[in-house]
Amino acid sequence: MPVVNETKIKDDIKNKRFDSIYFLFGQESFLVKTYADRIKNAVLGENAVDINLLELNGNPDLSLLSDHMEALPFFSDHKVIMINDFNPEKVTEDETEQFISMLKSIPDTTVLIFYLTGCTFSLRSQRVKKIFEEIKKYSSVCEFKPLSQKETANIIYKKIQREKRIISPENANYLAEITACDLNLASAETTKLCCYADEGKEITREIIDRMVEKRLETKIFTLSDAMISGNGQRAFQILNDLFEQRVDPIPILATLSSAYSEYYTAKAAKCLNISPQKAAADLGYTGIKAGFFAKKFNAAASMKMENLRSSMKIIFEADTKLKSAKVNGRLLLEETVLKLMTLYKERKK
């Protein structure tokens, strides 16, 4: 079976036509979990019997898994086995052939769903490459990549419509921005906003600002993104908002330093052909932090290593001044942002 996309899985669900094995993974873990659940619910139907559903975590014993696969469903055409965070890297040498054989011989009455929401794997090992190639032969493999701000805003907009509330496209886009396009976070905040606003009422910018906590890391990510894209007006507006909220200059600069360090790390990983999933896993990042890193990994593709080294030097010098002398913190940060943006513009010429 070929590598598939989200549309193909939607068609499977709509037409009640299911493949025997699905392997869902990617940086957008919210969609991974969402589609795993949708496939399960579509296969089992509304009157599903719990005995026809088996949910496992990690890498199960393959012999026991094979036994579960062979067992017939109870008063149903199919049974579903869901395995969260099965890691191909943890399949041992001795288990490899057994695993591949199991994929080849899955009975028609079983739908096996692998879905990775908290672990990643690297294809640098020849053994893992072999396993993944076999998975692609016998499974519908779908990778869910990070969504753009526009795509995230569209999902937010549709969810609020389903909840019979109102939001403008501009405010849906704003909510996507301040949640850093992380669907787990965006979904949770959207649910909270729908609980706050009565049915038929509009979720305004004022309500969003009142109800949605803007984490410093999210704000700095948005700030650095605006700086790198050359949007000076947006960058200085975000910086101004931080000062109006009385955020101390030291943690702002510290978080900005962390953001640029991650751009540097992402660029180094990309130069070494290390995947964003593997790099994030090596850094111990999960959830929102992994999502931020994935977006930085993509942005780092257009950046030069020399640029990033110079950026870190500018931030280090600003940090030294901020901590060792009595300076105007706001002015220093504004100068630092301007230097970084000027540097980036010069390097792009």
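If you're wondering where the values come from, they're calculated on a predicted model, not measured in any experiment. In what follows, residues are counted from 1 in the order of the sequence shown.
- The closest side-chain heavy-atom distance from Leu322 to Pro249 is below 4.5 Å.
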Subject >> ring-ring contact (aromatic ring centres under 6.0 Å, His included) assessment of Phe121 paired with Phe25 >> reply: CA-CA 10 Å; Phe121 61 95; Phe25 72 108; 5.6 Å; yes
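- Note on Tyr174 and Phe236: separate hydrophobic clusters, where clusters join Ile, Leu, Val, Met, Phe, Trp and Tyr whose side-chain heavy atoms are under 4.5 Å apart, directly or indirectly.
- Heavy atoms from other residues, nucleotides or ligands lying under 6.0 Å from NZ of Lys130 number 12 at most.
- Among residue pairs with one or both ends in residues 318-329, those qualifying as side-chain hydrogen bond (donor to acceptor under 3.5 Å, both in side chains) are Asp319-Lys323; sequence neighbours excluded.
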Sequence neighbours left out, cut at 3.5 Å: what donor-acceptor pairs do the side chains of residues 61-71 make with other protein atoms?
{"from": "Asp61", "atom 1": "OD1", "to": "Ser63", "atom 2": "N", "distance (Å)": "3.0"}
{"from": "Asp61", "atom 1": "OD1", "to": "Leu64", "atom 2": "N", "distance (Å)": "2.9"}
{"from": "Ser63", "atom 1": "OG", "to": "Gln98", "atom 2": "NE2", "distance (Å)": "3.3"}

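- Annotation: ring pair (Phe, Tyr, Trp, His ring centres under 6.0 Å) contacts involving residues 237-267, sequence neighbours excluded, comprise Tyr260-Tyr263.
- Surrounding CD of Glu244 are more than 12 heavy atoms belonging to other residues, nucleotides or ligands, all under 6.0 Å away.
- A 4.5 Å side-chain heavy-atom check between Leu175 and Asn171 finds every atom pair outside the cut-off.
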Anything under 3.5 Å between a donor and an acceptor, one on a side chain of residues 192-203, the other on a protein residue two or more places apart or in another chain? List them.
{"from": "Lys192", "atom 1": "NZ", "to": "Glu189", "atom 2": "OE1", "distance (Å)": "2.9"}
{"from": "Lys192", "atom 1": "NZ", "to": "Met211", "atom 2": "O", "distance (Å)": "2.8"}
{"from": "Tyr196", "atom 1": "OH", "to": "Arg210", "atom 2": "NH1", "distance (Å)": "2.4"}

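- Atom OG1 of Thr92 is separated from atom CZ of Arg127 by 7.0 Å, given to the nearest 0.5 angstrom.
- Of the candidates Leu147, Leu24, Asn184, Leu31 forms a side chain to side chain contact (heavy atoms under 4.5 Å, CB included) with just one, namely Leu147.
- Between Ser20 and Tyr138 there is no side-chain heavy-atom pair separated by less than 4.5 Å.
- The shortest distance between side-chain heavy atoms of Val80 and Asn52 does not fall below 4.5 Å.
- Think of Leu331 as one node in a network of Ile, Leu, Val, Met, Phe, Trp and Tyr side chains linked at under 4.5 Å; it has no links at all.
- The hydrophobic cluster containing Leu72, built from Ile/Leu/Val/Met/Phe/Trp/Tyr side-chain heavy atoms closer than 4.5 Å, comprises no other residue.
- Interatomic distance, Lys33 NZ to Leu183 CG, rounded to the nearest 0.5 Å: 14.5 Å.
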